[in-house]
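Report on one structure; see the data block that follows.
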Amino acid sequence: MIATTKKLTFAEYLKYSDGKDTQYELVDGELIPMSLGTGKHDSISKFLERTFDDESAKMCKNWTAQKFSVGVRSPRGGRWDTSRITDVVVLLTVQWDAMLNREAVIELDEPPPILVVEVVSELTQTTDYRHKRSEYAVRGIPEYWIVDHLQQVVTVCTLVEGFYDAVAFRGEERVISATFPDLNLSAAQILAGRN
């Protein structure tokens with residue numbers, strides 16, 4: 001669903017307000033309203049945010065996980081800007097701290113996030129599996145998770161030579177992550193949003 005027909009620049013997008021609480025992504029200059037996720041969507045995102053923070057601390061990494069709060073700018077074929085708001089993102093703490101007094105958007109000239117997660121909903125299946133996958137690969141994000149509770153699968157995409165190699169995990173299979181190698185969670189636990 002497209003909210004406007006007028007193409008916006010990235011600067012106009014950052015200033016845009018329709019007077020409602022609707023959150024928008026910018027895709028090729030068009031505003032795309034983000035629907036409210038289900039309780040399941042939110043519980044998975046919150047569970048992964050906490051899990052990634054815990055794993056980062058165990059690994060003594062200065063990383064932070066954030067949910068529903070960081071935009072990632074990405075180039076697309078046209079001349080219009082694109083900025084996606086991720087369900088969960090893992091980034092350097094120093095990078096997060098730099099956003100405290102500005103829009104929480106990872107710019108094109110900044111290092112990419114370490115890991116991004118999208119939780120699939122009925123409305124976002126094509127976007128999460130196709131569009132965001134190619135955008136995040138071009139952006140150089142090392143690891144992209146697609147958590148699909150509709151199909152009961154967690155797909156971990158690892159960037160190799162500019163493209164994602166994907167491995168799907170189901171049921172009690174342990175999810176393997178290059179970013180978090182000691183992570184000990186099954187696909188079922190992630191899809192349930194709890195241990």
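Applying the side chain to side chain contact (heavy atoms under 4.5 Å, CB included) test between Trp96 and each of Asn62, Val90, Leu91 identifies Leu91 as the sole match.
Val167 and Val154 fall within a single hydrophobic cluster, where Ile, Leu, Val, Met, Phe, Trp and Tyr are joined by side-chain heavy atoms under 4.5 Å apart, directly or via other members. At a threshold of 4.5 Å between side-chain heavy atoms, the hydrophobic network of Ile, Leu, Val, Met, Phe, Trp and Tyr places Ile114 and Val88 in one connected group. The same ILVMFWY cluster, assembled from side-chain heavy atoms under 4.5 Å apart, contains both Leu115 and Val147. Hydrophobic clustering keeps Phe47 apart from Tyr144 (ILVMFWY residues linked when any side-chain heavy atoms are closer than 4.5 Å, directly or through intermediates). At a threshold of 4.5 Å between side-chain heavy atoms, the hydrophobic network of Ile, Leu, Val, Met, Phe, Trp and Tyr places Phe163 and Ile146 in two separate groups.
By the 4.5 Å heavy-atom criterion applied to side chains, Trp63 and Thr179 are counted as neighbours. In this structure the side chain of Val70 never reaches within 4.5 angstrom of the side chain of Pro113, judged on heavy atoms. Within the 4.5 Å cutoff, the side chain of Ser186 has no heavy atoms near those of the Phe169 side chain. At a threshold of 4.5 Å between non-hydrogen side-chain atoms, the residues Ile141 and Tyr164 count as touching.
Evaluation of the salt bridge (charged side-chain N to carboxylate O under 4.0 Å, His left out) test over residues 145-172, restricted to residues two or more places apart or in two chains, returns none.
Across all their heavy atoms, Val156 and Ile176 have their closest contact at CG1-O, 3.7 Å. Here the shortest heavy-atom pairing between Val153 and Ala168 reads CG2-CB, 3.6 Å. The minimum heavy-atom distance linking Glu118 with Asp87 is given by the pair OE1-OD2, 3.2 Å. Here the closest non-hydrogen pair linking Ala104 and Ser69 is CB-O, 3.3 Å. Of all non-hydrogen atoms in Ala178 and Pro181, the two that sit nearest each other are O-CD, 3.6 Å. Of all non-hydrogen atoms in Gly140 and Pro112, the two that sit nearest each other are O-CG, 3.5 Å.
Of the N and O atoms on the side chains of Thr93 and Gln95, not one donor lies less than 3.5 Å from an acceptor on the other residue. Residues Thr158 and Glu143 have side chains that never bring a donor and an acceptor to within less than 3.5 angstrom of each other.
Atom CZ of Arg194 sits about 13.0 Å away from atom CG of Leu185, to the nearest 0.5 Å. Rounding to the nearest 0.5 Å places CE of Met59 at 10.0 Å from CG of Leu183. Taking CG from Leu150 and OG from Ser121, the interatomic distance works out to 7.5 Å, rounded to the nearest 0.5 Å.
Remark: Arg174 CZ is packed, more than 12 non-hydrogen atoms of other residues, nucleotides or ligands lying under 6.0 Å away.
Salt bridge status for Glu110 with Arg102: present, with a side-chain N to carboxylate O gap under 4.0 Å. In this structure, Lys132 does not pair ionically with Glu135, as no charged nitrogen and carboxylate oxygen lie closer than 4.0 Å.
Taking the ring centroids of His131 and Tyr136, they lie at or beyond the 6.0 Å cut-off.
Between Phe180 and Phe52, the angle of the ring planes stays under 30°, which puts this pair in the parallel group of the 30/60° scheme.
The main-chain N or O of Lys40 is never found under 3.5 Å from a side-chain atom of His149 such that the two would form a donor-acceptor pair. Under a 3.5 Å cut-off, the side chain of Arg73 and the backbone N or O of Val105 do not form any donor-acceptor pair.
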Discussion item. Would Lys67 and Leu48 count as a side-chain contact (heavy atoms from CB on, under 4.5 Å) here? Give the steps.
Written reply: CA-CA 9 Å; Lys67 72 179 185 78; Leu48 287 174; over 6 Å; no
Worksheet item: Yes or no on side-chain contact (heavy atoms from CB on, under 4.5 Å) for Val72 and Arg139, after CA distance, side-chain angles and deciding distance?
Response: CA-CA 9 Å; Val72 177; Arg139 190 64 178 84; 4.1 Å; yes
